[in-house]
Amino acid sequence: MKKFLESLLDLIYRKKCYFCGKSKNSLKMCPECFEELCFSDINANRVIDGVNVYVCGMYEKNLQKLIRGLKYHKQRELAFYLAKFMYEYFKKLGIEGKYQVVPVPLHKNRIKKRKYNHMELVAEEFCRLSGFTPNFELIKRIKDTRPQYKLSRKERMKNLEQAFEADKTKSLSIPVLLIDDICTTGSTFEEMIKELKKEGIADIICLASSNP
């Protein structure tokens with residue numbers, strides 16, 4: 001009877017895959033759906049002021065749903081799967097050494113509205129997988145910028161002008177790995193790189209999960 005009740009409870013409370021709806025693995029993202037995520041080429045997507053920017057995949061299908069679920073629909077458990085995808089790509093780059101992982105920060109007003117910074121969650125999971133150290137204090141967003149997705153590159157750069165402030169005293173004195181979810185024009189990374197270099201921090205790599 002006890003085993004029957006345990007089996008029944010397990011059946012009732014099994015997690016369904018957010019992507020295919022199946023519950024056989026009791027995971028938020030089943031292995032089959034994770035395997036459908038496609039990596040980009042193992043090359044820098046662009047170079048900004050001497051800093052390589054890598055993009056892990058394209059913003060479509062399961063990767064698009066993964067990012068949107070985590071970012072807009074409070075599916076915090078998905079942070080692990082996005083971090084895993086990004087870390088699997090990062091390993092393919094063959095880059096050695098330790099990094100302080102710095103997610104793109106949100107302004108305090110955006111945090112108040114959304115309740116969390118999804119990229120901080122991803123950074124924490126990425127660091128558990130890689131053994132790197134998260135650093136949420138190195139750079140702050142001090143300007144409450146408009147959403148970027150409807151803006152031209154020129155408008156994005158104007159929107160992000162003086163949006164970030166770096167504090168060199170918060171640096172861990174190791175290379176910086178900046179991470180973000182989507183890299184469209186690279187303007188967010190560009191502004192952060194500019195601010196970090198102004199503080200004498202120049203050993204930087206950028207990693208975005210997708211490219212639209």
pair Leu178-Ile205: side-chain heavy atoms closer than 4.5 Å: no

Answer yes or no: are there more than 12 heavy-atom neighbours, outside Lys22 itself, under 6.0 Å from its atom NZ? no

Flag side-chain contact, heavy atom, 4.5 Å: Gln75 against Leu70: no

Does Ile139 share a hydrophobic cluster with Val51, counting links as ILVMFWY side-chain heavy atoms below 4.5 Å and allowing steps through other members? yes

Is the closest side-chain heavy-atom distance between Ser210 and Ile67 below 4.5 Å? yes

Which distance, rounded to the nearest 0.5 Å, do you find between the CD of Glu32 and the SG of Cys17? 8.5 Å

Do Tyr18 and His73 come close enough that some side-chain heavy atom pair is under 4.5 Å? yes

Tyr72 side, atom OH; Arg114 side, atom CZ - distance, nearest 0.5 Å: 6.0 Å

Could you pull out the closest heavy-atom pair between Phe19 and Met29, with the gap in Å? CE1-CG, 3.4 Å

Going by atom types only, do Ser171 and Ser173 share a side-chain donor-acceptor pair under 3.5 Å? no

Verify same cluster id: Leu172, Met192 (apolar side-chain graph, 4.5 Å): no

Indicate yes or no for a side-chain donor-acceptor contact from Arg46 to the backbone of Val53 under 3.5 Å, with no hydrogens or angles considered. no

To the closest 0.5 Å, what do you measure between CG (Leu177) and NZ (Lys98)? 12.5 Å

Within the side chain of Ser209, is there an N or O that forms a donor-acceptor pair under 3.5 Å with the backbone of Asp181? yes

Find the distance between CG (Leu160) and CD (Glu155) and round it off to the nearest 0.5 Å. 12.0 Å

Would Lys108 and Lys112 count as a side-chain contact (heavy atoms from CB on, under 4.5 Å) if you check the C-alpha gap in whole Å, the side-chain angles of each, and the deciding distance to 0.1 Å? CA-CA 6 Å; Lys108 61 182 180 181; Lys112 186 176 180 180; over 6 Å; no

Mind listing the closest non-hydrogen atom pair of Val101 and Cys127 along with its distance? CG2-SG, 3.6 Å

Nearest 0.5 Å, what's the NE2-CZ distance between His118 and Arg76? 12.5 Å

Heavy atoms of other groups near Lys65 NZ, more than 12 under 6.0 Å: yes

Counting C-beta onward and ignoring hydrogens, is there a side-chain heavy-atom pair between Cys20 and Cys30 closer than 4.5 Å? yes

Just verifying a value: how many Å separate Leu207 CG and Tyr89 OH, rounded to the nearest 0.5 Å? 7.5 Å

Measure from the side-chain N and O atoms of Asn25 to the backbone N and O of Leu27, and report whether any donor-acceptor pair falls under 3.5 Å. no

I'd like to know if Tyr54 and Leu82 are part of one continuous hydrophobic network [Ile/Leu/Val/Met/Phe/Trp/Tyr, side-chain heavy atoms within less than 4.5 Å]. yes

Spell out, yes or no, whether Ile179 and Val104 are grouped together once hydrophobic residues are joined by side-chain heavy atoms under 4.5 Å, including indirect joins. no

Side chains of Phe90 and Ile95, heavy atoms from C-beta outward: is any pair under 4.5 Å? yes

Using the six-membered ring wherever Trp is involved, compare the ring planes of Phe132 and Phe126 and label them parallel, tilted or perpendicular (cut-offs 30° and 60°). tilted

With distance as the sole test, does His107 use its side chain to make a donor-acceptor pair with the main-chain N or O of Asn109 at under 3.5 Å? yes

Apply side-chain contact (heavy atoms from CB on, under 4.5 Å) to the pair Val176 and Asp203, showing each step before the final yes or no. CA-CA 6 Å; Val176 173; Asp203 197 348; over 6 Å; no

With hydrophobic residues grouped by side-chain heavy-atom distances under 4.5 Å, do Phe136 and Ile204 end up in a single group? no

Between Leu37 and Leu63, which heavy-atom pair has the shortest distance, and what is it? CD2-N, 3.4 Å

Run the salt bridge (charged side-chain N to carboxylate O under 4.0 Å, His left out) test on Lys15 and Glu77 for me, step by step, so that the C-alpha distance in whole Å, both residues' side-chain angles and the decisive distance to 0.1 Å come before the verdict. CA-CA 11 Å; Lys15 292 178 185 177; Glu77 286 183 70; 2.7 Å; yes

Do you know the tightest heavy-atom contact between Ile48 and Gly186? CD1-O, 3.5 Å

Please list all pairs passing the ring pair (Phe, Tyr, Trp, His ring centres under 6.0 Å) test where one or both residues lie in residues 23-50, with sequence neighbours left out. Phe39-Phe85

Determine, stepwise, if the pair Asp49 / Lys194 fulfils salt bridge (charged side-chain N to carboxylate O under 4.0 Å, His left out). CA-CA 8 Å; Asp49 194 16; Lys194 185 191 303 181; over 6 Å; no

Between Asp167 and Thr169 (side chain of the first, backbone of the second, donor and acceptor by atom type, cut-off under 3.5 Å), is there such a pair? yes

Worked check of side-chain contact (heavy atoms from CB on, under 4.5 Å) between Phe164 and Lys140: CA-CA 5 Å; Phe164 302 103; Lys140 300 288 187 182; over 6 Å; no

Check for a donor-acceptor pair, side chain of Gln100 on one end and backbone N or O of Asn135 on the other, with a separation under 3.5 Å. no

With side-chain contact (heavy atoms from CB on, under 4.5 Å) as the test, would you mind laying out the steps for Leu196 and Glu199 before giving the verdict? CA-CA 5 Å; Leu196 288 170; Glu199 294 297 311; 5.9 Å; no

Any chance the side chains of Gln162 and Lys143 put a donor and an acceptor closer than 3.5 Å? no

Lys91 vs Glu88 side-chain heavy atoms within contact, under 4.5 Å: yes

Could you check if a side-chain atom of Leu121 sits within less than 4.5 angstrom of a side-chain atom of Leu78, using non-hydrogen atoms only? no

